[in-house]
Colleague: 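Supplied in structure tokens, the structure appears directly below.
Order of the sequence lines sets the chain letters (A, B, ...), proteins ahead of strands, with each chain counted from 1. Side chains are part of it too, since the values below use all heavy atoms of this structure and drop only hydrogens, waters and symmetry mates.
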There are 2 protein chains.
Amino acid sequence: MDQLRETLKVHHLRTTTCREDVLSTFINRKNALSHGDLEGELGENYDRVTIYRTLKTFLEKGIIHKVLDDEGLRYALCSHSCSEEKHQHDHIHFKCSACGETNCLENLHIPAVQLPEGYHPEHFNLLIQGVCPKCN
Amino acid sequence: MDQLRETLKVHHLRTTTCREDVLSTFINRKNALSHGDLEGELGENYDRVTIYRTLKTFLEKGIIHKVLDDEGLRYALCSHSCSEEKHQHDHIHFKCSACGETNCLENLHIPAVQLPEGYHPEHFNLLIQGVCPKCN
DNA sequence: TCGAACTTGCAACGGGGTTGCAGAATATTT
DNA sequence: AAATATTCTGCAACCCCGTTGCAAGTTCGA
């Protein structure tokens, strides 16, 4: 409760009920969420546009990060504190083809890759699709 | 010219000018293309819907594969012959933040990852974003 | 408690992608 | 070469995603 406000404060955001609710949904659900997921959960309380704007703000401030997907964008909490200046993510995302959930495997780092001469990598995004332990 | 028809035939597709044009655009442009790219190139000749359907058909038949991106789906040619039954891709995709082009690095394989107990991986998708040799 | 700054809801819009259907083109059979 | 079955295309319509402008409401610091 207070922790939500604290998180928002750290990132220089005003505390509003929408932001608190979106943030707590991410914390409770644990997996990566799409705008649609949030609208399903909170849509009766807030306008779609407000949810879009909340996601955009959280992204910019480093509270959440994008998760690539073959059927639409999702978002997940940044575990280590990212900031407005710098997002740092090198963990793997796993999407289950059975239950459809996408999760961050925080402990698994993306292996280093030796790129050819001239390539200057900045961000890495590895999505593995398959069956997760729950659906096994 | 004849090669286009041949490719379509191999995949049990009728030869139509739209399919020939889309296929030859992929071959000429070399990089990953979005529907919008194709519409820009061929939009005066064909309806948007036809281009969508062509992409979908090519996907199903194993002529092209999806390329994930943080700002929308793209497609690229399958180099090794994929089929309706099986798509097999383990190469890396590189997106240049300067010119915006996304390319397949066919020679670079995605390194193996040791997943925790219970995970059964099926497909891998690694996108690296940064600056490409051309924009260096 | 007041005002400046920020946030929200509403309306509207553009783009992405899909579906149904009728007409056109392709392949096949004779 | 013509007829037929099959497939493909264009059009219209539709829904979902995401954004923008603006007026009204809320937050927070002085």
Colleague: By the definition side chain to side chain contact (heavy atoms under 4.5 Å, CB included), identify the one residue from A:Ile63, A:Asp37, A:Asp21, A:Leu38 that meets it with A:Phe26.
Modeller: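 Exactly one option meets the side chain to side chain contact (heavy atoms under 4.5 Å, CB included) with A:Phe26, and it is A:Leu38.
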
Colleague: With 3.5 Å as the limit, what N/O pairs link the protein to nucleotides 2-4 of chain D?
Modeller:
none

Colleague: Under the rule for ring-ring contact (aromatic ring centres under 6.0 Å, His included), what residues qualify as partners of A:His123, not counting sequence neighbours?
Modeller: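 Result, ring-ring contact (aromatic ring centres under 6.0 Å, His included) vs A:His123: none returned.
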
Colleague: Return the value, rounded to whole Å, for the distance between atom CG of B:Leu8 and atom C1' of C:dT26.
Modeller: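 Rounded to the whole Å, the gap is 13 Å.
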
Colleague: Which pairs, protein N/O on one side and nucleotides 28-30 of chain C N/O on the other, fall under 3.5 Å?
Modeller:
none

Colleague: Enumerate the protein-to-nucleotides 18-22 of chain C contacts in which both atoms are nitrogen or oxygen and the separation is below 3.5 Å.
Modeller:
| from | atom 1 | to | atom 2 | distance (Å) |
| --- | --- | --- | --- | --- |
| C:dG20 | O6 | B:Arg53 | NH1 | 3.4 |
| C:dG20 | O6 | B:Arg53 | NH2 | 3.3 |

Colleague: About how many Å separate CD1 of B:Ile51 and CZ of B:Arg19, when rounded to the nearest 0.5 Å?
Modeller: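 The distance works out to 13.0 Å.
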
Colleague: Rounded to the nearest 0.5 Å, what separation is found between the CD1 atom of A:Ile64 and the CG atom of A:Leu55?
Modeller: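 Reported value, rounded in 0.5 Å steps: 5.0 Å.
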
Colleague: B:Cys132 and B:Cys96: which non-hydrogen atoms are nearest, and at how many Å?
Modeller: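 Heavy atoms only, the tightest pair is N-SG, 3.5 Å.
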
Colleague: Between B:Glu60 (CD) and D:dC8 (C1'), how many Å, whole number?
Modeller: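 The answer, rounded to whole Å, is 14 Å.
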
Colleague: Hey, quick one: are A:Leu4 and A:Val10 part of the same hydrophobic cluster, counting side-chain heavy atoms closer than 4.5 Å, chains of contacts allowed?
Modeller: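 Looking at the clustering, A:Val10 is in a separate group from A:Leu4.
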
Colleague: Given atom CZ of B:Arg19 and atom C1' of D:dT7, what is their separation to the nearest angstrom?
Modeller: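 These atoms are roughly 8 Å apart.
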
Colleague: For residues 35-58 of chain B, which residue pairs pass the ring pair (Phe, Tyr, Trp, His ring centres under 6.0 Å) check, not counting sequence neighbours?
Modeller: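 Sorted pair list: B:His35-B:Tyr52.
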
Colleague: OG1/B:Thr54 to CG/B:Leu42 distance, rounded to the nearest 0.5 angstrom?
Modeller: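 The CG atom of B:Leu42 is 9.5 Å from OG1 of B:Thr54, to the nearest 0.5 Å.
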
Colleague: For nucleotides 27-29 of chain D, print each protein N/O atom paired with a nucleotide N/O atom at under 3.5 Å, atom names and distance only.
Modeller:
| from | atom 1 | to | atom 2 | distance (Å) |
| --- | --- | --- | --- | --- |
| D:dT27 | O2 | A:Arg14 | NH1 | 2.8 |
| D:dC28 | OP1 | A:Thr15 | N | 3.2 |
| D:dC28 | OP1 | A:Thr15 | OG1 | 3.3 |

Colleague: Please report the closest heavy-atom contact between A:Lys66 and A:His93, naming both atoms and the distance.
Modeller: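 Smallest interatomic distance, heavy atoms only, reads O-CE1, 4.2 Å.
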
Colleague: Among residues 28-40 of chain A, which ones have heavy-atom contacts with DNA chain D below 4.0 Å?
Modeller: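 The answer is A:His35.
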
Colleague: So, taking the atom named CD in A:Glu101 and the one named CG in A:Asn31, what distance separates them when rounded to the nearest 0.5 Å?
Modeller: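 Answer for the CD-CG pair, A:Glu101 versus A:Asn31, is 4.0 Å.
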
Colleague: So which pairs with a foot in residues 43-61 of chain A pass salt bridge (charged side-chain N to carboxylate O under 4.0 Å, His left out), sequence neighbours left out?
Modeller: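 Matches after skipping sequence neighbours: A:Lys61-A:Glu84.
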
Colleague: With heavy-atom distances below 4.5 Å as the criterion, would you say the side chains of A:Pro133 and B:His120 are in contact?
Modeller: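 Contact flag for A:Pro133/B:His120 side chains = no.
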
Colleague: Please state how far atom NE2 in B:His12 lies from atom P in D:dT7, giving the value in whole angstrom units.
Modeller: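 Value for this atom pair: 12 Å.
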
Colleague: Could you see if B:Ile27 belongs to whatever hydrophobic cluster contains B:Leu13? Use Ile, Leu, Val, Met, Phe, Trp, Tyr and a side-chain cutoff under 4.5 Å.
Modeller: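 Same cluster.
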
Colleague: Given A:Glu20, which of A:Arg5, A:Arg14, A:Lys9 fulfils the salt bridge (Lys or Arg N to Asp or Glu O under 4.0 Å) condition?
Modeller: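 Exactly one pass, corresponding to A:Arg5.
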
Colleague: Does any part of the side chain of B:Glu122, heavy atoms only, come nearer than 4.5 Å to the side chain of A:Val131, both counted from C-beta?
Modeller: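 When only atoms from C-beta onward are counted, B:Glu122 and A:Val131 do touch, with a gap below 4.5 Å.
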
Colleague: Through direct or indirect side-chain contacts below 4.5 angstrom among Ile, Leu, Val, Met, Phe, Trp and Tyr, which residues connect to A:Tyr119?
Modeller: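 A:Tyr119 clusters with A:Ile92, A:Phe94, A:Leu105, A:Leu108, A:Ile110, A:Val113, A:Leu115, A:Phe124, A:Leu126, A:Ile128, B:Ile92, B:Phe94, B:Leu105, B:Leu108, B:Ile110, B:Val113, B:Leu115, B:Tyr119, B:Phe124, B:Leu126, B:Ile128.
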
Colleague: Can you tell me how far P of C:dT8 sits from CG of A:Leu42, to the nearest Å?
Modeller: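 A:Leu42 atom CG is separated from C:dT8 atom P by 12 Å.
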
Colleague: Can you establish whether the number of heavy atoms outside B:Gln114 located under 6.0 Å from its atom CD is more than 12?
Modeller: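 It does not: B:Gln114 CD has 12 such atoms or fewer within range.
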
Colleague: I want to check something: taking the side chain as every heavy atom from C-beta on, are B:Ser34 and B:Leu73 in contact at a cut-off of under 4.5 Å?
Modeller: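 The answer is no; the side chains never approach within 4.5 Å.
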
Colleague: Take the protein atom CG of B:Asp47 and the nucleotide atom P of C:dG16, then report the distance between them rounded to whole Å.
Modeller: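 Computing the B:Asp47:CG to C:dG16:P distance gives 14 Å.
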
Colleague: A:Leu73 has an atom CG; how far is it from atom C1' of D:dC17, in whole Å?
Modeller: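 Rounded to whole Å, this separation is 11 Å.
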
Colleague: What pair of heavy atoms forms the shortest contact from A:Cys78 to A:Gly62, and how long is it?
Modeller: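 Heavy atoms of A:Cys78 and A:Gly62 come nearest at SG-O, 3.5 Å.
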
Colleague: Quick one: bend of the helix from C:dT1-D:dA30 to C:dT30-D:dA1 from 5 pairs per end, to 10°?
Modeller: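 End-to-end axis angle for the helix from C:dT1-D:dA30 to C:dT30-D:dA1: 30°, rounded to 10°.
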
Colleague: Do B:Ser79 and B:Glu106 have side-chain N/O donor and acceptor atoms under 3.5 Å apart?
Modeller: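 A pair is found: one side chain offers a donor N or O, the other an acceptor, under 3.5 Å apart.
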
Colleague: Report the residues that fulfil salt bridge (charged side-chain N to carboxylate O under 4.0 Å, His left out) with A:Asp69, sequence neighbours left out, ordered by chain and then residue number.
Modeller: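 Checked A:Asp69 against salt bridge (charged side-chain N to carboxylate O under 4.0 Å, His left out); matches are A:Arg74, A:Lys95.
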
Colleague: Under a 4.0 Å heavy-atom cut-off, which of residues 96-104 of chain A touch DNA chain C?
Modeller: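 Heavy-atom cutoff 4.0 Å gives no residues at all.
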
Colleague: Tell me: CG of B:Leu59 to P of C:dG17, nearest whole Å?
Modeller: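 Between P of C:dG17 and CG of B:Leu59: 12 Å.
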
